[in-house]
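No hydrogens, no waters, no symmetry mates; every other heavy atom, side chains included, goes into these values. Order of listing sets the numbers, starting from 1, for every ligand and every atom in it. Every value quoted in this text rests on a predicted model; they were computed, and no experiment measured them.
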Amino acid sequence: MIVRILLVEDDPSIAVSLVDSLHASGFQVVQCATGVSALVAALAPGEFDLVLLDLGLPDMDGRDVCRVLRSTSRVPIIMLTARGDEFDRVLGLELGADDYVTKPFSFRELVARIRAVVRRTEVQTPVSHPDTDITSGRLEPVSAPERLSVDQRTRRAHLDGVEIQLTAKEFDLLAFLAADPGAVRTRTDILEHVWDANWFGPTKTVDAHVAALRKKLGDPRWVEAVRGVGFRLEEPS
Ligand code: CA
């Protein structure tokens with residue numbers, strides 16, 4: 001089954017690449033940039049299998065879009081929130097969102113959430129219950145190498161059971177690399193996901209944070225530089 005997604009996102013720098021990536025992953029995507037157009041599109045019955053809903057829209061609060069949508073439709077909703085948004089995950093789930101991801105997120109993580117939500121709604125027809133969803137562990141720690149655990153929910157990282165004290169950006173960087181251990185992340189990827197899609201600053205910022213992260217991990221080999229490409233996370237052997 002081809003999953004048809006309505007992407008409600010007003011930031012073109014995010015929307016364009018997200019639409020491309022979702023297409024490339026085999027999804028059908030329609031994008032709109034306002035809450036009103038989202039409601040018009042989403043309320044047409046049976047049009048979409050899932051709504052990706054940005055919280056900060058120009059004309060409406062994403063929460064209100066969610067509430068209105070949920071009052072008339074059972075279409076699964078994943079909210080896209082930005083760090084710093086005043087968003088309470090329990091409130092979000094009470095509004096009827098099925099899940100949410102915080103920007104910056106990895107595309108891989110988003111696709112995993114989409115598939116999980118679609119699978120859940122295929123199995124259970126009734127609207128999902130927030131309580132069971134929370135305890136079923138939708139926010140599992142990312143699959144980092146065994147010695148390293150990175151918990152995005154609590155934003156804490158442990159190495160060999162000992163917590164590593166990280167700054168917010170160091171944590172984001174580690175979480176991004178740890179989301180796909182061994183995979184090479186380019187500087188551009190890192191800048192887009194950890195900083196901002198509109199970042200135009202020097203890419204040396206990445207190197208500085210990598211250096212700090214290596215120091216805190218106690219072994220530079222944790223973050224391997226791939227010459228001319230970027231970095232990957234690998235457990236030192
Ligand atoms: Ca926005």
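Between Leu177 and Trp222 there is no side-chain heavy-atom pair separated by less than 4.5 Å. Within the 4.5 Å cutoff, side-chain heavy atoms of Arg115 are placed close to those of Val111.
The atom of Asp10 that is an N, O or S and sits closest to the Ca ion (ligand 1) is OD1.
The nearest N, O or S atom of Gly56 is closer to the Ca ion (ligand 1) than 3.0 Å. For the Ca ion (ligand 1), the set of nearby N, O or S atoms under 3.0 Å includes one belonging to Asp54. With 3.0 Å as the limit, Glu9 does not count as an N, O or S neighbour of the Ca ion (ligand 1).
Taking every heavy atom of both residues into account, Glu163 and Arg156 meet most closely at OE1-NH2, 2.8 Å.
Results of the side chain to side chain donor-acceptor pair (under 3.5 Å) test with Glu170 over Lys216, His209, Lys215 single out Lys216 as the only residue that passes.
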